Amino acid sequence: MSAAIRKLVVQGDEVLIEMGRPVDPPTRRAVAIAVIANPFAGRYADSLEELTAIGEELGGLLGDKCVAALGIRPDEAESYGKAAIVGEAGELEHAAAILHPKMGASLRRAVSKGAALVPSAKKMGGLGTAIDVPLGHKDAAFVRSHFDAIEARVSDAPRANEIVVAVAVTDSGRPLARIGGLQKHEVKGEDGLR
């Protein structure tokens with residue numbers, strides 16, 4: 001089954017100067033958001049397979065939109081993350097069903113690889129609720145320079161029977177990152193950690 005998408009939002013930012021210092025190359029982040037109908041709004045269901053399939057569909061769609069917004073090739077993506085906000089007629093497990101079982105595989109295809117777990121966040125909320133989409137290096141979780149987040153918010157969502165689903169992608173780490181740890185040029189990308 002396909003997601004019943006009411007609205008798509010794609011936005012990004014580019015940091016050129018931080019603390020009076022130029023950021024070269026600029027730090028660029030994109031977030032793509034889908035506002036979808038929650039097929040389980042107002043009712044309990046033992047199986048949430050329909051939402052799992054929707055998550056698989058949205059991982060690729062939203063990942064592709066982020067890569068396009070950044071104007072990069074998929075293999076140039078450096079970090080990623082995902083998040084969902086469930087409207088009041090749903091339950092938190094609906095967000096989990098979208099985000100966890102299958103979304104990661106389709107998002108990894110959109111960013112060409114992705115050995116590391118995709119950081120995620122979920123919550124319940126009403127119209128205009130914001131969520132910080134956590135970010136981490138796509139191939140090595142220990143790359144501290146890529147620990148970040150970008151806010152996702154849609155002013156008229158989620159309605160009670162909706163879910164806001166967000167995917168974020170970057171082409172770099174934080175601006176002027178300097179707290180040490182594994183550096184991106186040291187990444188092996190084999191175990192998802194280093």
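Note that the structure is a prediction, hence the values are computed from the model and not measured. In this chain, numbering begins with 1 at the start of the sequence shown.
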Full working for salt bridge (charged side-chain N to carboxylate O under 4.0 Å, His left out) between D148 and R29 = CA-CA 10 Å; D148 200 1; R29 306 176 304 175; 3.4 Å; yes

Side chain to side chain contact (heavy atoms under 4.5 Å, CB included) assessment of T129 paired with R153 = CA-CA 6 Å; T129 296; R153 181 182 171 282; over 6 Å; no

For side chain to side chain contact (heavy atoms under 4.5 Å, CB included), just list the numbers for S145 and Q183, CA-CA rounded to whole Å, side-chain angles, deciding distance to a tenth of an Å, and then say yes or no.
-> CA-CA 7 Å; S145 59; Q183 303 297 302; 5.7 Å; no

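Using a cutoff of 4.0 Å between basic side-chain nitrogens and carboxylate oxygens, D156 and R6 are scored as salt-bridged. Checked for salt-bridge contact, E18 and R21 miss the test: no charged N lies under 4.0 Å from a carboxylate O.
A 6.0 Å sphere centred on CG of L8 holds more than 12 heavy atoms belonging to other residues, nucleotides or ligands. In this structure, E91 places its CD atom where more than 12 heavy-atom neighbours from other residues, nucleotides or ligands lie under 6.0 Å away. Atom NZ of K122 is surrounded by more than 12 heavy atoms from other residues, nucleotides or ligands within 6.0 Å.
The hydrophobic cluster containing V9 also contains V133, counting ILVMFWY residues as joined when their side-chain heavy atoms lie under 4.5 angstrom apart, directly or transitively. A continuous path of Ile, Leu, Val, Met, Phe, Trp and Tyr side chains, each step under 4.5 Å between heavy atoms, connects L99 with I5, placing both in one hydrophobic cluster. Both I72 and V111 are assigned to one and the same hydrophobic cluster, defined by single-linkage of ILVMFWY side chains at heavy-atom distances under 4.5 Å. Clustering ILVMFWY residues whenever any of their side-chain heavy atoms sit less than 4.5 angstrom apart, transitively, puts V118 in the very cluster that holds L92.
The distance from atom CG of L61 to atom CD1 of I54, rounded to the nearest 0.5 Å, is 12.5 Å. Interatomic distance, CE of M19 versus CG of L176, reported as 9.5 Å (0.5 Å rounding). Atom-to-atom distance recorded for S112:OG and K138:NZ is 5.0 Å, nearest 0.5 angstrom. Between K65 atom NZ and L70 atom CG the span is 13.5 Å, to the nearest 0.5 Å. Atom CD of residue E57 and atom CG of residue L62 lie 9.0 Å apart, to the nearest 0.5 angstrom. Considering CZ of F40 and CD of E93, their distance stands at 11.5 Å, rounded to 0.5 Å.
The minimum heavy-atom distance linking A84 with A95 is given by the pair CB-CB, 3.8 Å. Between P134 and A121 the shortest heavy-atom distance is CD-CB, 3.9 Å. Nearest heavy atoms, G55 versus S106: O-OG, 4.1 Å. Between R144 and I179, the shortest heavy-atom distance links the atoms NH1-O, 3.3 Å. In plain terms, the two heavy atoms of A110 and G60 that are nearest each other are CB-O, 4.1 Å. Nearest approach of C66 to A168, heavy atoms of both residues: SG-CA, 4.1 Å.
Considering I131, V165, I33 in turn, I131 is the only one that fulfils the side-chain contact (heavy atoms from CB on, under 4.5 Å) rule with I85.
Side-chain atoms of R108 and Y80, non-hydrogen and from C-beta on, do get closer than 4.5 Å to each other. By the 4.5 Å heavy-atom criterion applied to side chains, R174 and F147 are counted as neighbours. Taking the side chain as every heavy atom from C-beta outward, M103 and L58 approach each other to under 4.5 Å. In this structure, V86 and M124 have side chains that are in contact, with non-hydrogen atoms separated by less than 4.5 Å. Two residues are said to be in side-chain contact when any heavy atoms from C-beta on lie closer than 4.5 Å; L107 and V167 meet this criterion. Side-chain contact between I163 and I98 is present, with heavy atoms from C-beta onward closer than 4.5 Å. In this structure, the side chains of L135 and T170 come closer than 4.5 Å at one or more pairs of heavy atoms. Side-chain contact between P26 and V15 is absent, with no heavy-atom pair separated by less than 4.5 Å.
In this structure, the side chain of E162 engages the main chain of R159 through a donor-acceptor pair within 3.5 Å. With D171 contributing its side chain and A77 its backbone, the two residues share no donor-acceptor pair below 3.5 Å. With hydrogens and angles disregarded, no donor-acceptor distance shorter than 3.5 Å links the side chain of D132 to the backbone of I150. With K188 contributing its side chain and D139 its backbone, the two residues share no donor-acceptor pair below 3.5 Å.
The closest side-chain donor-acceptor pair between H146 and E78 falls under 3.5 angstrom.
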